[in-house]
Amino acid sequence: MTHAAATAIVVTHNSQRQIVAALSALRQAHLPVRLVDNASTDDTVALVRHRFPDVTVLASPTNTGFASAVNRAAAGVTTDVLLLVNPDCVVAPGTVAELVRVLRSQPSVGVAGPRIIDAHGRIAISAHRFESLVTVLASRFGGALVPVALRRLLSGRQRRAAYDACVRGARPVAVDWLSGACLAVRTDLFVAIGGLDEGYFLYYEDEELCLQAARRGAEVRYVPAVTAVHSGGASSSDPAWIWPHLYRSMLRFFARHRAGTLRAVRGAVLLRALIGIGLAGVRLPIQPRAGLTRLRAWTRVGRIAVTRPETRGGA
């Protein structure tokens with residue numbers, strides 16, 4: 001592929017196990033790549049510089065968060081399309097070409113993303129409606145305790161339509177927001193929005209980006225005819241680190257855009273944290289290490305739930 005004027009942006013953090021596959025695929029697509037490493041303690045930076053000397057590497061001495069790193073990489077980009085790719089995501093040249101074609105040929109579309117599958121070929125739900133109190137209770141709060149069929153029933157017609165587009169759809173469809181594992185966005189739109197909202201350290205920056213795009217009249221397009229393989233696990237999977245960032249970002253999103261239901265969401269998160277703390281206590285005598293990790297994670301989430309969310313920054 002020689003016609004795709006897109007720049008790929010990859011953010012790494014202890015990603016040496018996955019990054020070779022991701023960058024090899026982007027090389028096959030003949031894309032310039034800008035990689036920002038967020039203070040990895042493994043050999044990610046050395047590996048990339050050795051194996052992929054054509055990749056522009058910006059190594060940060062501290063972990064400034066995903067959004068901040070993407071904005072740093074995007075500064076000064078001259079291509080008309082940006083392709084945000086997780087380091088554990090493999091994007092085939094054909095997928096890149098189709099996403100770029102969609103953005104270039106349809107001026108109404110500002111953001112586009114492919115069908116996401118895992119390493120075993122299973123479809124991930126990567127197209128969504130904007131979150132609400134009901135969807136939080138059904139998915140984040142209920143988790144594995146609420147069957148998928150019941151979650152779909154509770155989530156409403158439009159959210160079910162997004163789910164069905166992921167599982168069964170074949171034609172492009174407009175959705176509210178798409179997973180940031182692989183996301184193509186018009187560079188001029190990205191700049192107009194002000195880049196990713198750096199108030200989110202991790203999680204929800206993709207939903208915020210799509211929301212801001214929609215507010216500027218740009219369509220977010222799910223393109224299920226092409227796929228990207230997202231294996232997961234490119235950075236820390238420690239719940240004591242991941243879960244607090246997830247819930248902090250969730251509450252920030254609701255504070256900014258769903259203020260009327262923020263109190264209820266905070267209450268649900270606090271209740272979930274208390275249940276998690278109790279279950280971790282039960283687990284401690286049986287699995288001390290896992291129990292302690294979950295105890296720390298849910299304790300931190302509980303503290304976040306009773307703290308007023310920060311809403312400054314962003315559009």
Side-chain angles (χ1 to χ4, degrees), residues 1 3-11 22 25-26 28-34 66-67 70-71 73-74 77-86 89-117 123-130 158-159 161-197 204-230 315:
M1 188 189 123
H3 60 283
T7 298
I9 293 177
V10 182
V11 178
L26 294 174
Q28 291 174 16
H30 302 290
L31 293 186
V33 179
R34 294 189 176 190
F66 178 78
V70 168
N71 291 344
V77 166
T78 58
T79 56
D80 60 349
V81 175
L82 296 173
L83 183 70
L84 310 187
V85 181
N86 279 10
C89 190
V90 175
V91 188
T95 296
V96 175
E98 178 61 13
L99 295 180
V100 171
R101 187 198 67 78
V102 168
L103 291 180
R104 284 179 166 176
S105 64
Q106 302 181 47
S108 63
V109 180
V111 181
R115 171 170 277 148
I116 303 294
I117 61 176
I123 296 171
I125 307 305
S126 57
H128 310 274
R129 290 286 294 176
F130 292 126
Q158 290 177 312
R159 194 169 179 90
Y163 176 93
D164 291 340
C166 291
V167 176
R168 289 182 284 274
R171 299 175 62 85
V173 61
V175 297
D176 278 353
W177 68 280
L178 293 165
S179 165
C182 176
L183 205 61
V185 57
R186 291 182 181 277
T187 305
D188 58 355
L189 175 63
F190 187 85
V191 172
I193 289 171
L196 296 187
D197 186 338
Y204 279 80
E205 62 284 308
D206 44 11
E207 186 169 0
E208 182 76 39
L209 174 70
C210 293
L211 175 59
Q212 297 303 329
R215 287 180 173 177
R216 286 161 176 79
E219 180 184 311
V220 176
R221 180 76 59 87
Y222 178 61
V223 187
V226 291
T227 61
V229 181
H230 185 215

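Residue numbers run from 1 in the order of the sequence given.
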Identify the two heavy atoms, one from [X] and one from [Y], that lie closest to each other, and give their separation to 0.1 Å.
| X | Y | answer |
| --- | --- | --- |
| Gly113 | Leu178 | N-CD1, 3.4 Å |
| Cys166 | Tyr222 | CA-OH, 3.4 Å |
| Ala228 | Val91 | CB-CG2, 4.1 Å |
| Ala127 | Val175 | CB-CG1, 4.0 Å |
| Arg129 | Glu207 | O-OE2, 4.5 Å |
| Pro224 | Ala165 | CB-O, 4.4 Å |

Interatomic distance, [X] atom [atom1] to [Y] atom [atom2] [nearest 0.5 angstrom]:
| X | Y | atom1 | atom2 | value |
| --- | --- | --- | --- | --- |
| Leu83 | Leu26 | CG | CG | 6.5 Å |
| Thr95 | Arg115 | OG1 | CZ | 11.5 Å |
| Ser126 | His230 | OG | NE2 | 10.5 Å |
| Ile193 | Leu211 | CD1 | CG | 9.0 Å |
| Thr187 | Leu82 | OG1 | CG | 3.5 Å |
| Leu31 | Thr7 | CG | OG1 | 7.5 Å |

**Study point:** Contact check, side chains of Leu183 and Trp177, non-hydrogen atoms, under 4.5 Å
**Key:**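 Sidechains of Trp177 and Leu183: no contact.
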Exercise for review: With the side chain counted from C-beta on, respond yes when Asp197 and Glu205 share a heavy-atom pair under 4.5 Å apart, and no when they do not.
Suggested key: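 They are not in side-chain contact.
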**Study point:** Under 3.5 Å donor-acceptor, Asn71 side chain and Leu196 backbone
**Key:**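 Yes.
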Practice item. Using modelled atom types only, decide if a donor and an acceptor are shared between the side chain of Arg216 and the backbone of Gln212 within a distance under 3.5 Å. Key: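 Yes.
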**Study point:** Intermediate values then yes/no, side chain to side chain contact (heavy atoms under 4.5 Å, CB included), Asp206 and Phe66
**Key:** CA-CA 10 Å; Asp206 44 11; Phe66 178 78; over 6 Å; no
Review point. Which residue, Val81, Val111, Leu209, Val77, forms the side chain to side chain contact (heavy atoms under 4.5 Å, CB included) with Phe190?
Key: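 Only match with Phe190 under side chain to side chain contact (heavy atoms under 4.5 Å, CB included): Leu209.
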Check your understanding: Under the side chain to side chain contact (heavy atoms under 4.5 Å, CB included) criterion, do Glu219 and Gln106 qualify, and how do the steps go?
Key -> CA-CA 10 Å; Glu219 180 184 311; Gln106 302 181 47; 5.7 Å; no
Point to revise | Derivation of the side chain to side chain contact (heavy atoms under 4.5 Å, CB included) call for Val90 and Val85 | key: CA-CA 8 Å; Val90 175; Val85 181; over 6 Å; no
